[in-house]
Amino acid sequence: DRDWKKIEAFVGTKTAIQIRSHAQKYFLKVQKNGSGEHVPPPRPKRKATQSYPQKTANTTAPDFTEVYKFIGGVFDPNVTGHLKKLKDMSPIDCETIQCLEEGTWKG
């Protein structure tokens, strides 16, 4: 049984947190040694009362794969349609290309 408050009341000299910590270390030691001693199963996890916040996509960072693919394509005689590709790119990617071409990139 993992009722730390009952054990605390019985022991009297240790807090429930100290007893729980000691027990956790002991259970890990028993499992590591594989001595076959009985280790009580862990308590079932409680369900979260609120859902965790979800990360949103970062739209403020340039897509450097696309940026460098475009810049490399400018020097490739077999690649055409640079203006259309530039118009189809996100504003942050276009700004990054411009900064790199001007040498003003501070990334």
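Position 1 is the first residue of the sequence, and the numbers go up from there.
- By the 4.5 Å heavy-atom criterion applied to side chains, Lys14 and Glu8 are not counted as neighbours.
- Linking ILVMFWY side-chain heavy atoms closer than 4.5 Å, directly or via other members, places Phe64 and Leu86 in a single hydrophobic cluster.
- One distance of note links CD of Glu66 with CG of Asp88; it measures 10.5 Å at 0.5 Å rounding.
- With values rounded to the nearest 0.5 angstrom, Thr96 atom OG1 is found 9.0 Å from Ile71 atom CD1.
- More than 12 heavy atoms of other residues, nucleotides or ligands sit less than 6.0 Å from atom NE2 of His82.
- Between the side chain of Glu102 and the backbone N or O of Cys99 there is no donor-acceptor pair closer than 3.5 Å.
- Annotation: the span from Ile19 atom CD1 to Lys6 atom NZ amounts to 13.5 Å, rounded to 0.5 Å.
- Looking only at side-chain heavy atoms (C-beta outward), Lys29 and Lys32 stay at 4.5 Å or farther from each other.
- Distance check, rounded to the nearest 0.5 Å: CD1 of Ile7 to OG1 of Thr15 gives 12.0 Å.
- Counted by atom type alone, Ser90 and Asp93 present one or more donor-acceptor pairs between their side chains at under 3.5 Å.
- Looking at Ser21, its side chain never comes within 3.5 Å of a backbone N or O of Ile17 through a donor-acceptor pair.
- Cluster annotation: Val79 is not connected to Met89 through the hydrophobic network of ILVMFWY side chains, with a link wherever side-chain heavy atoms come within less than 4.5 Å.
- Following chains of ILVMFWY side-chain contacts shorter than 4.5 Å, one can reach Phe75 starting from Tyr68, so the two form part of one hydrophobic cluster.
- With rounding to the nearest 0.5 Å, the separation of CH2 in Trp4 from CZ in Arg20 is 8.0 Å.
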